[in-house]
Amino acid sequence: RFSAGLLAFILSISFAIQRLNYSRLQSSIEKEAAKLVDIHLDLKLFDTEASKLIQVKVRSYILLIAENGWTAFNEDPFTSEPILLFRDIYQDINYLETNSQLQESLKQKLISNMDQALTALQSKIYSSGSESNHLIYTSIFGLAVLMLLFAVHPPDLLTVGFLSLYIAF
């Protein structure tokens with residue numbers, strides 16, 4: 001029972017870590033998408049020629065991300081086309097000229113939304129890099145602990161069955 005409980009504990013921790021990383025990544029992608037929609041709508045309210053050009057860039061950025069997915073980030077994230085386009089959008093928003101109080105508040109909101117989208121983009125970039133697989137390390141640790149237990153207590157048929165299931169997963 002002890003070895004079965006230990007196996008279940010180790011596997012549940014490994015699964016929880018993977019699930020947490022997945023949900024964190026999903027949340028950052030949703031946050032980036034929401035901020036891009038906010039940016040697009042605020043640029044529409046800004047209603048200048050420069051803001052219309054930035055809107056076109058935002059749309060092309062969204063389409064580029066939708067078409068290429070993560071491939072551009074996996075190759076070279078800092079010189080990839082989506083990152084360069086995002087940088088251009090960020091710079092263009094900072095250089096927007098304001099003529100009224102409404103445009104000034106919209107510009108501040110645009111900069112704030114770009115900062116938040118950048119934070120979400122950074123988590124997407126860092127999660128796309130190679131990372132050691134914690135499940136492999138946990139499995140090796142679990143097998144080592146099981147071998148130590150088998151050295152002290154001879155295994156029975158039930159324990160060997162759980163060990164087989166552990167190795168299979």
Side-chain angles (χ1 to χ4, degrees), residues 6-143 166 169:
L6 181 63
L7 286 175
F9 178 69
I10 290 171
L11 285 176
S12 66
I13 287 176
S14 299
F15 180 73
I17 289 171
Q18 295 297 329
R19 182 72 178 146
L20 182 66
N21 289 339
Y22 173 76
S23 64
R24 187 178 304 141
L25 182 61
Q26 182 182 11
S27 173
S28 70
I29 290 172
E30 290 170 355
K31 183 178 178 182
E32 181 187 10
K35 292 303 168 185
L36 288 172
V37 169
D38 284 346
I39 289 166
H40 190 270
L41 293 175
D42 288 343
L43 286 168
K44 191 178 250 185
L45 291 174
F46 209 85
D47 199 31
T48 62
E49 287 300 318
S51 67
K52 290 177 183 175
L53 292 173
I54 299 171
Q55 271 185 308
V56 171
K57 286 183 180 181
V58 170
R59 279 193 299 268
S60 63
Y61 174 78
I62 292 169
L63 290 174
L64 186 65
I65 292 296
E67 290 173 3
N68 293 340
W70 294 69
T71 56
F73 292 121
N74 289 336
E75 294 166 1
D76 188 11
F78 300 109
T79 59
S80 65
E81 190 177 353
I83 296 297
L84 296 176
L85 188 57
F86 189 89
R87 186 192 67 199
D88 288 344
I89 294 168
Y90 196 86
Q91 287 175 347
D92 290 346
I93 287 175
N94 280 316
Y95 292 134
L96 275 176
E97 293 190 21
T98 59
N99 297 327
S100 67
Q101 185 64 29
L102 175 66
Q103 286 182 342
E104 184 65 37
S105 65
L106 281 174
K107 182 178 177 180
Q108 292 305 318
K109 187 177 174 189
L110 284 167
I111 291 172
S112 172
N113 285 338
M114 283 298 289
D115 287 340
Q116 292 173 9
L118 180 62
T119 303
L121 181 64
Q122 287 173 353
S123 63
K124 187 165 51 171
I125 289 172
Y126 293 131
S127 67
S128 66
S130 62
E131 182 181 310
S132 62
N133 194 349
H134 299 291
L135 191 58
I136 293 172
Y137 296 131
T138 308
S139 299
I140 291 171
F141 173 73
L143 287 174
Y166 179 75
F169 288 109

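Worth knowing before you read on, the calculation uses all heavy atoms, side chains too, and leaves out hydrogens, waters and symmetry mates. Along the sequence shown, residues carry numbers from 1.
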**Message:** Run T48 and Q103 through side chain to side chain contact (heavy atoms under 4.5 Å, CB included) and show every step you take.
**Reply:** CA-CA 10 Å; T48 62; Q103 286 182 342; 3.6 Å; yes
**Request:** With side chain to side chain contact (heavy atoms under 4.5 Å, CB included) as the test, would you mind laying out the steps for N113 and I93 before giving the verdict?
**Result:** CA-CA 11 Å; N113 285 338; I93 287 175; over 6 Å; no
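Heavy atoms only, all atoms of each residue included: A50 and L96 are closest at CB-CD2, 3.7 Å. Across every non-hydrogen atom of S28 and A120, the tightest pair is O-CB, 3.2 Å. Shown here for T98 and F46, the closest heavy-atom pair between the two residues is CG2-CZ, 3.9 Å. The shortest heavy-atom contact between V58 and L43 is CG2-CD1, 4.1 Å.
Checked by atom type and distance alone, the side chain of S23 pairs as donor or acceptor with a backbone atom of R19 at under 3.5 Å. K107 places a side-chain N or O within 3.5 Å of a backbone atom of N94 that can act as its donor or acceptor partner. Side-chain atoms of S60 come within 3.5 Å of backbone N or O of K57 as a donor-acceptor pair.
Between R87 and the choices I83, L85, L84, the side chain to side chain contact (heavy atoms under 4.5 Å, CB included) rule is met once, by L84.
Residues satisfying the ring pair (Phe, Tyr, Trp, His ring centres under 6.0 Å) criterion with F86, sequence neighbours excluded, are Y61.
The neighbour count for Q101 CD, taken as heavy atoms of other residues, nucleotides or ligands under 6.0 Å away, does not exceed 12.
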